[in-house]
Amino acid sequence: MFAKGTKRKFSDPGEEPALGAELGPVVRPLSSTYSLQRQSLLDMSLIKLQLCHMLVEPNLCRSVLIANTVRQIQEEMTQDGTWQIMTQALAAAQCPADRLVATEVLCRPSEALAAAQKEEEEEEVVVAAAMEEDVDSEANPLSSSSFLPAPFGAEPGWEDEEDDSEDEDSEECPSDAEDVPDSRRGDQVFGTFEIKHPAPPPDPALEELFSDVDPSYYDLDTVLTGMQSTPKMGPYDLLDSLSPHAAPALSTGTSCRSDLNELDHIMEIIS
Amino acid sequence: MALRDTSSLHQLKSPKRDLDTQPPDSSMEEESDTRKINNSFLRDHNYATEADIISTVEFNSSGELLATGDKGGRVVVFQREQESKSQSQRRGEYNVYSTFQSHEPEFDYLKSLEIEEKINKIKWLPQQNAAYFLLSTNDKTVKLWKISERDKRPEGYNLKDEDGRIRDPSTITSLRVPVLQPMDLMVEATARRVFSNAHTYHINSISVNSDHQTYISTDDLQVNLWNLEITNRSFNIVDIKPANMEELTEVITSAEFHPQQCHTFAYSSSKGSIRLCDMRQAALCDRHCKYFEEPEDPSTRSFFSEIISSISDVKFSHNGRYLMTRDYLTVKVWDLQMENKPLETYQVHDYLRGKLCSLYENDCIFDKFECVWNGSDSVIMTGSYNNFFRMFDRNTKRDVTLEASRENSKPRAILKPRKVCIGGKRRKDEISVDSLDFSKKILHTTWHPHENIIAVAATNNLYIFQDKVN
């Protein structure tokens, strides 16, 4: 399913993704399978890097190896032109979340079809969770107010960080914050996380679900830089790095959840 | 390899278990089902916690002692039982000798982060007197521990009574000579030195020099040289940190001193290369004197090529002629005289080559497997998944897969070789690649310096196997 979305993205960058309608089986030539696998590997790597970014002292060896993998993919994509298409698509605030290709597709391309169907079902579950969360948020105004700037300004810090990164790489991401105002709330679909987020706008849940990834998330240099500068981070930078848009990555990792818990714990101590 | 499990469990409360395994001269022999089962010691040990996971295991230079470190910062030292003719069955078993808390969790207030107590490596110092010394390290701090025995205590002081209280001088009417009285054997572990504040990144290895006076500690980007007597100063001898951290593409994964040449050491990198450095050339060994690297095979190139070529462990052979490196799928033996390709390459679990993507997804691809030589440098051993470990005989080119698990190895039983089936039909006794348990990994093993006794750490269990003794 996600795979399909990816394909669409590249071929029709301007098209609004109505994912639910796109989930049919696809027969794809080999080259397309390859680029799909490469894309999902890239996505997976970026997610891993983002998680490294959240740690004060990530495993440096692992981070470097992942970053090199991303560089390698970027190089190859730059050569065949897909990198530019992707970054343009991102710049146009297309919803990149659907490019988070399921790894079933990546690891077992022959089973892509079955996986896609399976995911269709899963997606419904996720959407349901998202809507549940919506209800929660509306019912309890406090949960959204908790997203307001913290006493020591951690929340503005997130904004600053992202603005900075956009400035640095304005070529690839000319604008995003305005185009995708709701882009940092992807994690709200994962009800298990403790961090509270503002109530989503009344948009259809589906669109909400798949418009959640901040384009700067895909900004390679930012990710790499962020990862590698972390050993020097101060205590408040740690909080800064707890940017909510990283949370989509957490869907599968239980360890990430404990990281978040740790961060929560630290925030409790500081505040 | 003919092996017998003589004892097993890491935890103090653990019962001893004895597994006999193989006839002595049947190195790497395929099987034998003459199992002498003695499972009276078996108990349930499923209560292990994260802190009990063994993170390093190391024999001392005589093989008399075996040390393990765990994620909880504890060091457990096992001692080999003296041989007794009356109990030939129990010959040479390892029993707990000393347990102590080497490292505690700490908090770095500057970086606002917790420093784990997990013991990353233990290295024994050569024994020079009745006491034993070992170095243990976590991510940041190396400690020198002294382990000594006390079986006598002084008695009959003149100024103090038996409880240590000062006696009233007026009551002292006669003088006596204090004497040493025998007492129950006590093993004491005392921290003699603490080497801290020298590493910004995580220490991945330590290595004691053959001069017996210095050692190196290595983190992701630096190698530091210490004198064992001096804790407030170390010398940075390798630093690969780029001026701009954004340009960082390579890290140091392990380093070791040459076993005889005290000026030579080797370090491995995440790009699959090994550098040999000579400390006589310059104080800062940024320039290597030898560079070992195998050219990449274009036919097997993939996005994972670099990750799987990253070296997780490097070990000099005892004779100092070879280097052994472990990467994700292979073990390689390098001749120090040949830098352009390894002398020998052994496949550890080649059946995983088609599963690299899943292994990347679940992060197993970053597991750091170690490797060891046997005493004569003729056999090498390294770990794998599903509690399997592998041995390669360099002379006969035979290899064997063995399993360290309570379910499949009975006390004093002979270890049965295991086989992983690669596609197609699965034969009896074979296990298919898809049913391997990737959470059961054998990362740490050690080999007795002179005998065919090995210790294998499988999560929270320590298995000791040895050649069957007739």
Side-chain angles (χ1 to χ4, degrees), chain A residues 34 37-38 40-45 47-48 51 55-73 75-76 102-109 221-239 252-253 255 262-263 265-267 269-270, chain B residues 50 107-116 139-140 199-202 204 219-222 240-242 244-254 268-272 301-312 328 354-368 434:
Chain A
Y34 176 77
Q37 289 178 347
R38 186 175 63 186
S40 80
L41 181 62
L42 176 64
D43 293 334
M44 202 198 300
S45 304
I47 287 168
K48 283 176 185 285
L51 289 174
L55 301 173
V56 181
E57 275 199 356
N59 176 339
L60 194 62
C61 181
R62 178 175 170 274
S63 311
V64 165
L65 287 171
I66 297 170
N68 287 350
T69 306
V70 171
R71 283 196 188 98
Q72 211 180 325
I73 298 171
E75 222 166 83
E76 201 181 283
T103 47
E104 274 110 328
V105 178
L106 179 61
C107 301
R108 278 163 281 161
D221 292 334
T222 310
V223 175
L224 294 180
T225 310
M227 178 276 297
Q228 281 157 2
S229 61
T230 39
K232 285 178 180 164
M233 288 176 103
Y236 292 107
D237 295 332
L238 170 65
L239 297 170
T252 52
S255 63
E262 274 178 38
L263 289 168
H265 179 60
I266 292 169
M267 288 181 82
I269 293 172
I270 294 174
Chain B
E50 175 86 3
F107 195 78
D108 182 336
Y109 292 94
L110 277 178
K111 288 184 180 172
S112 184
L113 81 116
E114 190 155 293
I115 302 169
E116 273 184 278
D139 283 342
K140 302 283 180 177
H199 285 279
T200 312
Y201 301 91
H202 293 175
N204 53 44
D219 69 24
D220 298 312
L221 300 177
Q222 292 188 332
I240 63 164
K241 186 176 175 179
N244 181 357
M245 277 295 274
E246 290 163 42
E247 290 160 15
L248 180 69
T249 59
E250 185 174 15
V251 298
I252 304 173
T253 53
S254 184
S268 59
S269 95
S270 62
K271 282 191 183 292
R301 202 180 168 281
S302 81
F303 285 124
F304 300 112
S305 297
E306 182 184 328
I307 299 178
I308 62 171
S309 69
S310 174
I311 294 175
S312 50
Y328 191 60
K355 296 188 146 297
L356 292 177
C357 191
S358 316
L359 294 161
Y360 180 68
E361 187 188 11
N362 64 16
D363 266 1
C364 281
I365 204 168
F366 302 106
D367 285 335
K368 297 191 78 175
D434 293 320

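A, B, ... follow the sequence lines: proteins, then strands. Residue 1 opens every chain.
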Heavy-atom proximity to chain A below 4.5 Å, by part of B:D363: both
Any residue meeting side-chain hydrogen bond (donor to acceptor under 3.5 Å, both in side chains) with B:E306, in chain and number order, not counting sequence neighbours: A:N68
Heavy-atom closest pair, residues B:D108 and B:L110: OD1-N, 2.9 Å
Structural part of B:S309 lying under 4.5 Å from a heavy atom of chain A: neither
Test log, rule side-chain contact (heavy atoms from CB on, under 4.5 Å), inputs B:Y328 and B:I307: CA-CA 8 Å; B:Y328 191 60; B:I307 299 178; over 6 Å; no
Under 3.5 Å: donor-acceptor pair, side chain of B:T253, backbone of B:I311: yes
Between NZ on residue A:K48 and CG on residue A:L65, distance to nearest 0.5 Å: 11.5 Å
Top of B:K140, B:E114, B:K271 for chain A proximity - count of heavy-atom pairs under 4.5 angstrom: B:K140
Partner residues of B:S270 under the side-chain hydrogen bond (donor to acceptor under 3.5 Å, both in side chains) criterion, sequence neighbours left out: none
B:E250 portion near chain A, given a 4.5 angstrom heavy-atom threshold: backbone
Chain A contact via B:K355 - which portion, at a heavy-atom distance below 4.5 Å: neither
Structural part of B:F366 lying under 4.5 Å from a heavy atom of chain A: side chain
Per-residue contact mode, B:L221 against chain A (heavy atom under 4.5 angstrom): side chain
Per-residue contact mode, B:L113 against chain A (heavy atom under 4.5 angstrom): side chain
